[in-house]
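Working notes, structure below.
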Protein chains: 2
Amino acid sequence: MGPIRSLLSGAGLTEQQWRVLRVVQESGPIDPTQIADKACLLLPSLTRILQKLEEKQLISRERDKEDRRRQVVQIAVAGEKVIADNLEASLELMEQTRLKMGAERYEALLDLLNELDQIEMPE
Amino acid sequence: MGPIRSLLSGAGLTEQQWRVLRVVQESGPIDPTQIADKACLLLPSLTRILQKLEEKQLISRERDKEDRRRQVVQIAVAGEKVIADNLEASLELMEQTRLKMGAERYEALLDLLNELDQIEMPE
DNA sequence: CACAAATGCTACACATGTTAAGTAATTCAG
DNA sequence: CTGAATTACTTAACATGTGTAGCATTTGTG
């Protein structure tokens, strides 16, 4: 992730802010609990990240009208722009890593990491 | 590392404090720069960790007499005891993970992670 | 020897993981 | 319907990673 962090720091974003922003953009209106699940974050961390993203006006939040404990998070115009400006370069960096390692070994690494994750956390 | 964190939290230590303590114990008198290298930590992080370990009296520090910019870090008696009390259980947990994954896949994972590390950081 | 550059650490600021509490809103049992 | 769980988040506290500065000590060079 090092190179990607460098890329994003130019946009004033951190790695996790970027991940959350992408999740929100890809999924459309979504609540924090689901974001945390998709981005593999705990709610306390997500709370702070959403606050930062809202300050930067990259996302908008409002209460759910059906269940006022919930929020609905949406990407804002500025957020769409940030993604448009960085997504391509970000994917390119990942692809480069994949090629440098060799596609097969890259996939094997991902598989083994998933397996490790399963083992450590049976539930 | 989850299970190991649980084990160590019982001893009032964090994962990195434990790693640093083990490096100091294994290497004998050593300076912070070498510790950071062996434990894969940056010096600012290590500075704080050494401060905590010194507060807990698990290590001792003194200036190097030849080069007063340097320090010499040594494990203290209480530190030896902490290691004696936890090393076996810690190694056991790692071995269990290795067996659960299968020794071959476990080694393969370590190899691939090293390879990834080499690629991302040519220097 | 004097001074600039390098070295070894430390101090700070900011972001996050993690655990434990706390709050508001909803659900459910009696 | 009312009080006890539960749910969805937020806050707080502590430890660490990371980048940037700063300080003291050494080294290298003229």
Side-chain angles (χ1 to χ4, degrees), chain A residues 1-21 23-24 29-56 58-73 117 120-121, chain B residues 1-21 23-24 29-56 58-73 117 120-121:
Chain A
M1 294 305 298
I4 293 194
R5 267 204 292 272
S6 301
L7 169 69
L8 296 175
S9 76
L13 282 184
T14 65
E15 187 184 322
Q16 287 76 284
Q17 289 169 2
W18 168 250
R19 192 159 73 240
V20 170
L21 193 61
V23 166
V24 173
I30 187 177
D31 63 276
T33 298
Q34 287 182 61
I35 297 175
D37 183 56
K38 294 198 183 199
C40 294
L41 292 169
L42 296 182
L43 272 176
S45 295
L46 184 60
T47 292
R48 284 178 307 216
I49 294 169
L50 289 178
Q51 288 166 345
K52 297 282 166 57
L53 291 177
E54 192 174 29
E55 281 175 21
K56 297 176 203 272
L58 301 182
I59 61 166
S60 64
R61 288 196 285 179
E62 55 182 38
R63 291 223 158 282
D64 184 315
K65 291 174 185 174
E66 327 262 301
D67 183 342
R68 287 184 303 177
R69 292 171 303 182
R70 272 179 213 189
Q71 297 174 15
V72 182
V73 180
D117 189 44
E120 292 287 4
M121 298 287 299
Chain B
M1 292 306 297
I4 294 194
R5 267 204 293 272
S6 302
L7 169 69
L8 296 175
S9 75
L13 283 184
T14 65
E15 185 184 324
Q16 286 75 271
Q17 289 169 3
W18 169 251
R19 192 158 73 239
V20 170
L21 193 61
V23 166
V24 173
I30 188 177
D31 63 277
T33 298
Q34 287 182 62
I35 297 175
D37 183 56
K38 294 198 183 197
C40 294
L41 292 169
L42 296 182
L43 272 177
S45 296
L46 184 61
T47 291
R48 284 178 308 216
I49 293 170
L50 289 177
Q51 288 167 346
K52 298 281 167 58
L53 290 177
E54 192 174 29
E55 280 174 22
K56 297 177 204 270
L58 301 182
I59 60 165
S60 64
R61 287 196 286 179
E62 54 182 40
R63 290 225 157 281
D64 185 317
K65 292 173 184 174
E66 329 260 301
D67 182 342
R68 286 184 302 177
R69 292 171 304 181
R70 268 174 231 244
Q71 296 174 13
V72 181
V73 180
D117 188 45
E120 292 287 3
M121 297 285 301

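Atom set for the values below is all heavy atoms of this structure, side chains included, hydrogens, waters and symmetry mates excluded. In the text below, chain A, chain B and the rest are named by the order of the sequence lines, each starting its count at 1.
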Sugar-phosphate, base or nothing in reach of A/L41, heavy atoms under 4.0 Å: sugar-phosphate

B/P32 versus B/Q71, closest heavy-atom pair with distance: CD-O, 3.7 Å

Within residues 31-40 of chain A, residues whose heavy atoms come under 4.0 Å of DNA chain C: none

Whole-Å gap separating C1' (D/dA8) and CD (A/E62): 16 Å

Whole-Å gap separating C1' (D/dA21) and CG (B/L43): 14 Å

Under 3.5 Å donor-acceptor pair, B/R48 side-chain atoms to D/dG17 base atoms: yes

Distance-only criterion, 3.5 Å: show the donor-acceptor pairs between side-chain atoms of residues 4-11 of chain B and protein atoms not counting sequence neighbours.
residue, atom, partner, partner atom, Å
B/R5, NH1, B/E15, OE1, 2.8
B/S6, OG, B/G2, O, 3.3
B/S9, OG, B/S6, O, 2.9

Partner residues of A/D67 under the salt bridge (charged side-chain N to carboxylate O under 4.0 Å, His left out) criterion, sequence neighbours left out: A/R69, A/R70

Nearest-angstrom distance from the residue atom NZ of A/K52 to P of D/dT11: 12 Å

Check: B/R68 side chain, D/dT25 base, donor-acceptor under 3.5 Å: no

Can you give me every donor-acceptor pair (side chain of residues 34-54 of chain A, partner residue at least two apart or in another chain, under 3.5 Å) with its distance?
residue, atom, partner, partner atom, Å
A/Q34, NE2, A/D31, OD1, 2.5
A/T47, OG1, A/L43, O, 3.0
A/E54, OE1, A/R61, NE, 3.2
A/E54, OE1, A/R61, NH2, 2.9

Sugar-phosphate, base or nothing in reach of B/R63, heavy atoms under 4.0 Å: nothing

Touch class at under 4.0 angstrom, heavy-atom based, for A/S45 against every strand present: base

For atom CD of A/E55 and atom C1' of C/dA15, their distance in whole Å: 13 Å

Sugar-phosphate, base or nothing in reach of B/E15, heavy atoms under 4.0 Å: nothing

Distance, nearest 0.5 Å, that separates CG of A/L58 from CD of A/E55: 10.5 Å

Contact under 4.0 Å: A/R70 side-chain N or O vs D/dA8 OP1/OP2: yes

C/dT16 OP1/OP2 closer than 4.0 Å to side-chain N/O of A/R19: no

Touch class at under 4.0 angstrom, heavy-atom based, for B/T47 against every strand present: base

Rounded interatomic separation in angstrom, taking CD from B/Q71 and C1' from D/dT25: 13 Å

Length of the line joining B/Q17:CD and D/dT16:C1', which is rounded to integer Å: 10 Å

Trace of the side-chain contact (heavy atoms from CB on, under 4.5 Å) decision for A/V72 with A/I30: CA-CA 5 Å; A/V72 182; A/I30 187 177; over 6 Å; no

Nearest-nucleotide 5' precedence on DNA chain D, A/Q51 against A/R69: A/R69

Nucleotide nearest B/Q16 (side chain, heavy atoms from C-beta), chosen from D/dG17, C/dT26, D/dA15: D/dG17

Mind listing the N/O atom pairs, protein and nucleotides 20-23 of chain C, below 3.5 Å?
none

For DNA chain C, the dot-bracket pattern of Watson-Crick and G-U pairs whose distances stay under 3.5 Å, | for other-strand partners: ||||||||||||||||||||||||||||||

Comparing B/D64 and B/L46 on DNA chain D - which has the more 5′ nearest nucleotide: B/L46

Salt bridge (charged side-chain N to carboxylate O under 4.0 Å, His left out) involving A/R68 - partner list, sequence neighbours excluded: none

Rounded distance (Å) that lies between atom P of C/dC9 and atom CG of B/L50: 9 Å

Sugar-phosphate, base or nothing in reach of A/R5, heavy atoms under 4.0 Å: sugar-phosphate

Length of the line joining B/I49:CD1 and D/dC14:C1', which is rounded to integer Å: 13 Å

